[in-house]
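Heads up, the thing below is written out as structure tokens.
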Amino acid sequence: MPDRTASVPLASIPGIGPQRAELLTKLGLHTHDDLLHFVPRRYEDRRHLKPVSEAQDGQAITVRGKVHAAKPGRWGACKLDVTIGPASLTSSQHLVHARWFGFRPWGIKEGCDIFVYGRISRDKKGRWTMSNPEYEIAHDDAESFIHIDRIAPIYNLTDGLTQRVLRRLMFEATQKTPFTAPEFYPAPEKMISRQEAFRVIHFPDSFSDENRARQRLAYDEFFVLQCVVALRRLSRATAHRRRADRADDLHQRWLASLPFPLTNAQRRVMAEIDADLSHGPPMNRLLQGDVGAGKTFVAVHAMLRAVEAGEQAALMAPTQILAEQHALNLRRWLEPLDIRVDVFTGHTRGKKADRLQGGELDLFNTRPKAKSLGSVVIGTHALLYDRYAANQLGLIVIDEQHKFGVLQRLALSRKGQNPDILVMTATPIPRTLGMTLYGDLDVSVLDEMPPGRQPIVTKCRSVKELDKFWAFLLKQIGEGRQAYVIYPLVEESEKVDAKSVKVEFERLKKLLPQVRLGLLHGQLDPAEKDRVMTALRAREIDVLLATSVIEVGVDVPNATVMLIENAERFGLAQLHQLRGRIGRGEHPSYCVLVGEPRSLEGWRRLKIMEETTDGFRIAEEDFKIRGPGNIFGTEQSGLPPLHFASLESDYDLLAQARNHAAQIIRQDPTLAPWPGLREKMQSGGNAVSLVAVS
Ligand code: ADP
Ligand code: MG
């Protein structure tokens, strides 16, 4: 049974005329169902307001009182200074000076009964003050029971809509207008009904009720997502994969040629991959390993296994620079084994695509075909969009998966004859997100660094200390080391107050004439990028000035110094990735973060980089600060919006929903007994619509 509320237009709700309907549209609310899903941003317990005298400096509180005086402030008419306190009390102990700067709050007059909410602090004279608090005028009228003496929901607003008006509309929509929110799957018994949950979440009688309602609705969201994940997993697990007998010699010979032994972790993960490749369904594996853990070797191992079975393998990298670097290494390792290595990036594509015909990758060949034992292809996502290339593949390795997103991974897994897929990422994925975005993958972890690595010393410094840094840099160069200096911008910008790599390149040429500088950014043409990277590897460049184009994968072990300017403009996970470009060799490495964060929070963030090189900790912090959408790009990640559930704090709920979903899918993968569930899965956003629910 479909939700009947889904299509009920707003105008049919009492109190919503065309004008208000339009305002609500600005909040993204078009139907009654949208209103139900419009979760309060917070609640105010207006039954038990704390007296101001009990407040602590800096705390956010709600105060109710009578306006003693309302007057425009001294610095122009825009500033309003309001003194409020409980009507019966006038001692300054209980007064609050609420101030609004830059705009005049509407409707506040002497004698008004108002609520104000904001951070309270003591000013120099010892008075309690609040700056730009949220406010709401209390009226003693027939509808006051909706707003006063209860736990009042506080919603996001838009211009022209007051909290009070919106709350009344929400009351109308959720408590008075009849609606149905049918159960669409057998929810856990102890949970409250969906219908009840929608009612309660807007106007709860207690916070425990509110919590139960939220849990129920969050569970529904997780459950739908996890059904998607379970179905995806099932469809891969039951996919047919033809497996040929494989020879065993190539990877043995390759291992023997390596200058150092594998780490135990590398060996373990390779064995996990071998196990995947030795039986029926296609491999579907995620390899997590911090920057520098040695994922490339694992990738090569997997690719060699494919070649041994007579299949073609591809390695997909997010940038041309990284693809070329991989090509360089793989040629060095694989050509002695008579395996051809082709590169297929945006810039090589035009030339080579012309030569592609009839779905034969071999046509890229520049060497006689007869000689090679097999071939591997390395490319950027250009590879993905080439119908000849990708359809021939038996195995696909996606390096730095977080740069691609789930959509592309799924697109790839549909290519060809159910290819084996290995996705690799250095960005640790917080576990809730892992269970959601990557829940259909088996996971391997490279939790051991190759031996002999030196720790990276990281320091946060102010711009004033740059001179000291240059002196240090010269000393390191004198000892034969190389360095990166990273800037947020390619070109100077009027809009953004940050340094640009082009301007600094010219400036540093003069400041450090004795140093051989290189310049690298995304706007250079591919041949130039190539030339710069080659020069860097050949040690013809001492200091490479770059944007974040070098963020992923670049591996030049002799580079041991990194300076990141305007560090506050980069995300933590990104800083960690950038820093991962050093500390790759036998020499000690140094990373200096120069920035001027505007807030304490900003400093705290950078300090985390000083404290730890543990990618998992950094990712969790980043996740807490910026939320999943910003790190993984919610849209490209394919995660639908979550109204009630939180990936930050609902781990247990998610785990429960996952088990439950797996059980339901096992019971009946067609979902025939629960048509509502099927409908929800198909309508719930991109992640969901992506699944071929067969
Ligand atoms: P990432 O996991 O970041 O992709 P790479 O595969 O680029 O790491 O490896 C980082 C560096 O460590 C490379 O220079 C690589 O040659 C080296 N390396 C990888 N495995 C080992 C090992 N077992 N012993 C020593 N060095 C290794
Ligand atoms: Mg790598």
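One-based numbering along the sequence shown. Counting starts at 1 for both ligands and their atoms, following the listed order.
- A salt bridge links D276 to R285: one of the charged nitrogens lies within less than 4.0 Å of a carboxylate oxygen.
- Under 3.5 Å, the side chains of N329 and R332 contain a donor-acceptor pair of N or O atoms.
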Please tabulate, for the side chains in residues 533-545, all donor-acceptor contacts under 3.5 angstrom to protein atoms that are two or more places apart in sequence or on a different chain.
| residue | atom | partner | partner atom | Å |
| --- | --- | --- | --- | --- |
| T534 | OG1 | D530 | O | 2.7 |
| D542 | OD1 | R516 | NH2 | 2.9 |
| D542 | OD2 | R516 | N | 2.9 |
| D542 | OD2 | R516 | NE | 3.2 |

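- Looking at residues two or more places apart in sequence or on another chain, you find no ring pair (Phe, Tyr, Trp, His ring centres under 6.0 Å) involving H326.
- Under a 4.0 Å N-O distance rule, the pair R243/D420 qualifies as a salt bridge.
- Each of F260, P261, L262, T263, Q266, D290, V291, G292, A293, G294, K295, T296, F297, P450, R453, D555, R584 has a non-hydrogen atom positioned under 4.0 Å from some atom of ligand 1.
- For residues 582-591, the set of pairs meeting the side chain to side chain donor-acceptor pair (under 3.5 Å) definition, not counting sequence neighbours, comprises R481-H587, D555-R584.
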